[in-house]
Amino acid sequence: MNGPIGVTVLGSTGSIGVSTLDVVQRHPDRFRVAALTAHRNVEGLLQQCLTHRPAFAVMADLAAAARLEDRLRALGEPTEVLAGAAGLRHVAAMAETDYVMAAIVGAAGLLPTLAAARAGKRVLLANKEALVMAGALFVAAVREGGAELLPIDSEHNAIFQCLPVGFDGADAGRSGVRRIVLTGSGGPFRTAALERLPEMTPDQACAHPNWNMGRKISVDSATMMNKGLEVIEAHWLFGVASEQIEVVVHPQSVVHSMVEYEDGSVLAQLGNPDMRTPIAHALAWPRRLASGAAFLDFFQLRPLEFQPPDFNRFPCLRLAFAALAAGGTAPAILNAANEVAVRAFLERKIRFTDIASVVEHVQGQVARRAADTLEWILEDDASARAEADGWIAARALEV
Ligand code: NAD
Ligand code: MG
């Protein structure tokens, strides 16, 4: 490839987006920013445009796009502004883009990430919801488009690093892989009294002990739905059956995940909890690049603990395993119900423990079917959202 690699960051104003730009900025000889995108944070995207001078900036929200356009023109900046879902798909697939960081949160990331896969880009996948919703279609789009799919989720990035090169679940036997061990911190409520969980507030749920992340994934970490989504993500990324994926609670978040082999070897990837490490890994792969993350100080580490997950405390984890076992659109239904429930919890319309109730209710109401077409997936996603909204409207708390 001649000249710096063109990186497009979908969701650049978010936690992963900002960390990505931090890594990219450290290596101006290797990377240039092709496009940046955000939902409706005009001020945030404007500042990023002034710093990174992308060719394109996209705002998913049309009114916000018009405001960004005015601001950039007034400053005499050349960045071209696009709007809406079509704008997102365009920058994900355009010729100026070589690598796409998929860091939009939730189902909104699915279509642009799919567009990047179909266009044969290197896809750095943080947006796990896209893979949970449409795993089979997504993996097929990567294969047919000749794309490279590199996991950004710290666990999956760790597993990728510990698996043999070119691993595919079909080879599990031949390559001697026995189990994938997905670690999770257990979030802020790992040791809270169970009877206090219904009172937990959004701020308490978002106060993660080790990671600083967007609010949706922070709540998912508190319910451990995040780990459930990650089990489904691992199934699609590595082609392994759910029986070969073990969840282990590891409160220190130093071991990011592990692969166990038939001979008894266990390979683990360790590091400080800083997303710049997996981001730099995926940007540089198969080489390595400085990320800005602090190096591990072994003499300062707390003892490393490992515990089995408590499905009673974390019912969302059980619901996610059930959705993976059910297959078809069941994971898309689970994801949609969870997105609606988490938003309602963040808006203080439901209790923390209601999140699992909403998801379980919706799983029982919306019939899954084969996830063969995007249309069916999006229809079932919409039915699940409507069903979740109904549950919430009937029981919403007085606020
Ligand atoms: P965030 O909320 O901080 O940022 C989300 C980004 O997506 C923002 O730029 C926002 O403008 C954009 N966005 C939101 N809704 C949109 C919409 N409807 N249309 C277009 N753009 C939209 O989230 P985050 O913590 O950076 O997480 C992003 C993704 O990465 C999630 O899927 C999350 O699960 C995953 N992830 C995050 C972390 C982490 O450490 N933050 C770790 C692993 C995986
Ligand atoms: Mg993770």
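This structure is a prediction, so every number in the text was calculated from the model and none was measured. Computed over heavy atoms, backbone and side chain alike; hydrogens, waters and symmetry mates excluded. Both ligands and their constituent atoms are indexed starting at 1 by order of listing.
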Self-check item: Gap separating the OG1 atom of T183 from the CD atom of E246, nearest 0.5 angstrom
Solution: 12.0 Å
Practice problem: Considering only NZ, NE, NH1 and NH2 on the basic side and carboxylate oxygens on the acidic side, decide whether D168 and R174 come within less than 4.0 Å. | Solution: no
Quiz item: How are the rings of F189 and F352 set relative to one another: parallel (under 30°), tilted (30 to 60°) or perpendicular (over 60°)?
Solution: perpendicular
Self-check item: NZ/NE/NH1/NH2 to OD/OE distance under 4.0 Å, D354 and R395
Solution: no
Quiz item: For ligand 1, which atoms sit closer than 4.0 Å to a heavy atom of S12?
Solution: 9 (O)
Quiz item: Would E129 count as a contact of ligand 1 if the rule is a heavy atom under 4.0 Å away?
Solution: yes
Practice problem: Look at atom 3 (O) of ligand 1 and say which protein heavy atom is nearest, naming residue and atom and giving the distance to 0.1 Å. | Solution: S15 N, 2.9 Å
Quiz prompt | M213 and ligand 1 - part of the residue with a heavy-atom distance under 4.0 Å | solution = both
Quiz item: Nearest to atom 4 (O) of ligand 1, what protein heavy atom do you find, and at what distance?
Solution: G14 CA, 3.1 Å
Quiz item: Which is the closest N/O/S atom of E230 when seen from the Mg ion (ligand 2)?
Solution: OE2
Quiz item: Tell me, which N, O or S atom in E155 is closest to the Mg ion (ligand 2)?
Solution: OE1
Exercise. Identify, for atom 34 (O) of ligand 1, the protein heavy atom at the shortest distance, and state residue, atom and that distance.
Key: K128 CE, 3.2 Å
Practice problem: Say whether R40, considering both its backbone and side-chain N or O atoms, lies within less than 3.5 Å of an N or O atom on ligand 1. | Solution: no
Practice problem: Could you say whether the N/O atoms of L88 and ligand 1 ever approach to under 3.5 Å? | Solution: no
Self-check item: Heavy-atom pair of closest approach, residues N127 and G109
Solution: OD1-CA, 3.1 Å
Quiz item: Is E233 paired with K227 through a side-chain N to carboxylate O contact shorter than 4.0 Å?
Solution: no
Practice problem: Do me a favour and list the nearest non-hydrogen protein atom to atom 20 (C) of ligand 1 with residue, atom name and distance? | Solution: A60 CB, 3.5 Å
Quiz item: Is the number of heavy atoms from other residues, nucleotides or ligands under 6.0 Å of R73 CZ greater than 12?
Solution: yes
Quiz prompt | Winner among I104, I217, V132 once heavy atoms are compared against atom 29 (C) of ligand 1 | solution = I104
Exercise. Pick one of side chain, backbone, both or neither for how V105 approaches ligand 1, counting any non-hydrogen atom pair under 4.0 Å.
Key: both
Practice problem: Identify the protein heavy atom lying closest to atom 9 (O) of ligand 1, giving its residue, its atom name and the separation to 0.1 Å. | Solution: T13 OG1, 2.8 Å
Exercise. Locate the shortest heavy-atom distance separating D220 from K216; write the atom from each residue and the value.
Key: OD2-NZ, 2.7 Å
Self-check item: Contacting atoms of ligand 1, where contact means under 4.0 angstrom from a heavy atom of A38
Solution: 11 (O)
Exercise. Please write down residue, atom name and distance for the protein heavy atom closest to atom 17 (C) of ligand 1.
Key: A108 CB, 3.5 Å
Exercise. Answer whether the closest heavy-atom distance between the side chains of H156 and L125 falls below 4.5 Å.
Key: no
Quiz item: Closest approach of S175 and P164, non-hydrogen atoms and distance?
Solution: CB-CG, 3.9 Å
Quiz item: Which ligand 1 atoms does G11 reach within 4.0 Å, using its non-hydrogen atoms?
Solution: 6 (C), 7 (O), 9 (O)
Exercise. Just say parallel, tilted or perpendicular for the rings of H281 and F160, cut-offs at 30° and 60°.
Key: perpendicular
Quiz item: Which residue supplies the protein heavy atom nearest to atom 35 (C) of ligand 1, what is that atom called, and how far is it?
Solution: A126 O, 3.1 Å
Quiz item: What's the atom name of the N, O or S in D153 nearest to the Mg ion (ligand 2)?
Solution: OD1
Quiz item: In Å, rounded to the nearest 0.5 Å, how long is the span from CD of E243 to CG of L324?
Solution: 8.5 Å
Quiz prompt | atom 26 (O) of ligand 1 - nearest protein heavy atom and its distance | solution = I16 N, 2.9 Å
Quiz item: Do the numbers put R287 on top of the ring of W285, so that NZ or CZ is under 6.0 Å from the six-membered ring centre and no more than 45° off the axis?
Solution: no
Quiz item: Is the closest heavy atom of A103 to ligand 1 under 4.0 Å?
Solution: yes
